[in-house]
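Letters A, B, ... are given to chains in the order of the sequence lines, protein chains preceding strands, and every chain is numbered from 1. Remember, predicted model here, so these are calculated numbers, not experimental data. Computed from heavy atoms alone, side chains included, the values below leave out hydrogens, waters and symmetry copies.
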2 protein chains.
Amino acid sequence: MYAELARQLTAIGAVKRELARTLPPECPPGSAAVLAVLDRHGEMRLSRLTELLAIDISVTSRHVAHVAERGWIAREADPGDGRSRILRLTPAGRALLLELGARSTAALKRTLGDWAAEDITLLTTLLARLRSSF
Amino acid sequence: MYAELARQLTAIGAVKRELARTLPPECPPGSAAVLAVLDRHGEMRLSRLTELLAIDISVTSRHVAHVAERGWIAREADPGDGRSRILRLTPAGRALLLELGARSTAALKRTLGDWAAEDITLLTTLLARLRSSF
DNA sequence: TATTGTTATACTCTATAACTATA
DNA sequence: TATAGTTATAGAGTATAACAATA
């Protein structure tokens with residue numbers, strides 16, 4: 001049972017790659033993830049973003065630098081701590097995120113069109129639960 | 001609905017990384033995937049393996065070279081086509097696979113110990129279905 | 001001419017370690 | 001001294017394109 005789940009988890013990479021192909025060249029998956037988290041959870045500092053992405057802070061730092069250079073997020077001084085900055089989506093970042101959402105939704109709708117809505121919701125819920133278990 | 005599924009799919013990378021950490025240094029995830037497919041579907045040529053892994057054939061070629069160098073698979077001449085070779089697990093490869101399965105199972109059991117068996121099966125089934133939809 | 005693989009190159013993601021600046 | 005970030009370096013996965021060998 002566990003072995004089969006492990007197999008499916010590794011094989012799911014193909015699906016993720018398909019979704020990644022819908023992204024514009026300027027916005028690699030790592031950038032999209034940063035924008036999505038900031039949109040969902042609001043402004044935050046780098047360490048908090050690192051926790052939510054579950055990657056090393058050095059990786060987060062590079063992703064953030066990438067999206068900041070393109071004007072999709074702003075880094076403002078943290079009034080309470082001179083070592084960190086507050087990260088926040090800009091209007092341009094929000095607009096891009098809308099576009100990305102439309103693309104991935106279209107891709108999923110195209111390939112999952114024959115799924116029952118309840119099954120999609122169920123899968124989403126189970127994935128969220130799996131993630132929180134780790 | 002689709003957007004939320006897309007988000008969970010990208011976030012699931014953290015879980016995959018956790019599982020990957022259980023692998024021995026000599027056997028990166030790509031190698032493990034090759035061995036798993038050969039174990040599940042039996043001997044085959046590179047092009048077939050490429051289909052099953054859903055990656056580019058150039059990538060498959062490198063993964064296969066890696067596991068072949070370590071003696072985990074054998075590449076025998078294809079009697080029907082001089083351009084390709086038949087890939088098959090060796091006893092050493094099979095033994096390694098057993099070890100890998102034990103490790104990933106232990107890791108999943110540790111973190112998913114409080115899940116109902118039906119939920120694990122359900123998640124596995126839905127992931128398989130998602131993959132086949134793509 | 002078409003197909004099967006291989007190899008060179010490049011890009012993205014990730015982690016570790018060393019380092020700077022501030023608390 | 002401890003913490004927040006940054007940067008350099010290295011390892012792994014993947015795709016594209018050019019190429020060799022065989023069908």
Side-chain angles (χ1 to χ4, degrees), chain A residues 9-37 44-70 73 75-87, chain B residues 9-37 44-70 73 75-87:
Chain A
L9 281 175
T10 62
I12 217 64
V15 175
K16 290 185 60 179
R17 283 195 296 282
E18 268 306 304
L19 283 181
R21 268 187 262 276
T22 70
L23 295 173
E26 274 285 282
C27 183
S31 297
V34 166
L35 300 179
V37 169
M44 64 185 70
R45 54 206 306 208
L46 189 67
S47 53
R48 169 85 175 127
L49 183 58
T50 296
E51 283 176 23
L52 292 171
L53 290 173
I55 53 179
D56 192 86
I57 192 173
S58 64
V59 181
T60 317
S61 179
R62 291 193 57 182
H63 289 338
V64 162
H66 186 266
V67 297
E69 283 163 12
R70 281 155 187 78
I73 71 167
R75 291 189 278 196
E76 299 169 0
D78 182 341
D81 190 336
R83 296 171 301 180
S84 71
R85 286 177 286 184
I86 303 297
L87 312 176
Chain B
L9 282 175
T10 62
I12 217 64
V15 175
K16 291 186 60 179
R17 282 196 297 283
E18 268 306 304
L19 283 180
R21 267 187 261 276
T22 70
L23 295 173
E26 274 285 283
C27 183
S31 297
V34 165
L35 300 179
V37 168
M44 64 185 71
R45 53 207 307 205
L46 189 66
S47 54
R48 169 85 175 127
L49 183 58
T50 296
E51 282 176 24
L52 291 172
L53 290 174
I55 52 179
D56 192 85
I57 192 173
S58 64
V59 181
T60 317
S61 180
R62 291 191 57 181
H63 288 339
V64 162
H66 187 265
V67 296
E69 283 163 12
R70 281 154 187 78
I73 71 167
R75 291 188 278 197
E76 299 170 0
D78 182 340
D81 190 336
R83 296 171 301 181
S84 70
R85 286 176 285 183
I86 303 298
L87 313 175

Looking at [X], does any N or O in its side chain come under 4.0 Å of the phosphate oxygens OP1/OP2 on [N]?
X: B:His63; N: D:dA12; result: no
X: A:Arg85; N: D:dT6; result: yes
X: A:Ser61; N: D:dG5; result: no
X: B:Ser47; N: C:dG5; result: yes

Under 3.5 Å, which donor-acceptor pairs link side chains of residues 12-20 of chain B to any protein atom two or more places apart or in another chain?
unit_1, atom_1, unit_2, atom_2, d
B:Lys16, NZ, A:Thr10, O, 3.4
B:Arg17, NH2, A:Ala54, O, 2.9
B:Glu18, OE2, B:Arg21, NE, 3.1
B:Glu18, OE2, B:Arg21, NH2, 3.2

Listed pairs under 3.5 Å, donor-acceptor, residues 30-37 of chain A side chains, sequence neighbours left out:
unit_1, atom_1, unit_2, atom_2, d
A:Ser31, OG, A:His66, ND1, 2.9

Might you list the N or O atoms of the protein lying below 3.5 Å from N or O atoms in nucleotides 9-11 of chain D, with each pair's distance?
none

Send over the distance from A:Asp78 CG to D:dT3 C1', rounded to a whole Å.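 Rounded to whole Å, this separation is 13 Å.
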B:Leu49 has an atom CG; how far is it from atom P of C:dT4, in whole Å?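 Spelled out: CG on B:Leu49 to P on C:dT4 is 14 Å.
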Considering only heavy atoms from C-beta outward, does the side chain of A:Met44 approach that of A:Leu52 to under 4.5 Å? yes
Please examine the side chains of B:Leu49 and B:His63, heavy atoms only from C-beta on, and report whether any two atoms are closer than 4.5 Å.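 Side-chain contact under 4.5 Å: no.
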Residues touching DNA chain D, which here means a heavy atom under 4.0 Å, drawn from residues 52-59 of chain B: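 Heavy-atom contacts with DNA chain D come from B:Ile55, B:Asp56, B:Ser58, B:Val59.
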Mind checking side chain to side chain donor-acceptor pair (under 3.5 Å) for A:Arg83 and listing every partner two or more places apart, or none if nothing turns up?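 With neighbours one apart ignored, the set is A:Asp81.
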Partner set under side chain to side chain donor-acceptor pair (under 3.5 Å) for A:Glu51, not counting sequence neighbours: none
Reported CD-to-CZ distance for the pair A:Glu76 and A:Arg85, which is rounded to 0.5 angstrom: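 Reported to 0.5 Å precision, the distance equals 11.0 Å.
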Interatomic distance, B:Ile57 atom CD1 to B:Arg48 atom CZ [nearest 0.5 angstrom]: 13.5 Å
Which residues share a salt bridge (Lys or Arg N to Asp or Glu O under 4.0 Å) with A:Glu69, sequence neighbours left out: none
Residues two or more places apart in sequence or in another chain: which of them pass salt bridge (Lys or Arg N to Asp or Glu O under 4.0 Å) with A:Arg75?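 With sequence neighbours excluded, A:Arg75 shows a salt bridge (Lys or Arg N to Asp or Glu O under 4.0 Å) to no residue whatsoever.
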Sorted by number, residues from residues 10-29 of chain A placing a heavy atom under 4.0 Å from DNA chain C are A:Pro28, A:Pro29
Check nucleotides 18-23 of chain D against the protein and report each pair of N or O atoms closer than 3.5 Å, with its distance, or say if there are none.
unit_1, atom_1, unit_2, atom_2, d
D:dA23, OP1, B:Gly82, N, 3.0

Listed by chain and number, what are the side chain to side chain contact (heavy atoms under 4.5 Å, CB included) partners of A:Ala11, not counting sequence neighbours?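 For A:Ala11 the side chain to side chain contact (heavy atoms under 4.5 Å, CB included) partners, ignoring immediate neighbours, are B:Arg131.
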All side chain to side chain contact (heavy atoms under 4.5 Å, CB included) counterparts of B:Thr22, not counting sequence neighbours: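 Only B:Arg103, B:Ala107 meet the side chain to side chain contact (heavy atoms under 4.5 Å, CB included) criterion with B:Thr22.
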Touch check for A:Arg48, heavy atoms < 4.0 angstrom, all strands: base, sugar-phosphate only, or nothing? nothing
Does B:Leu46 offer a backbone N or O that forms a donor-acceptor pair with the side chain of B:Thr50 under 3.5 Å? yes
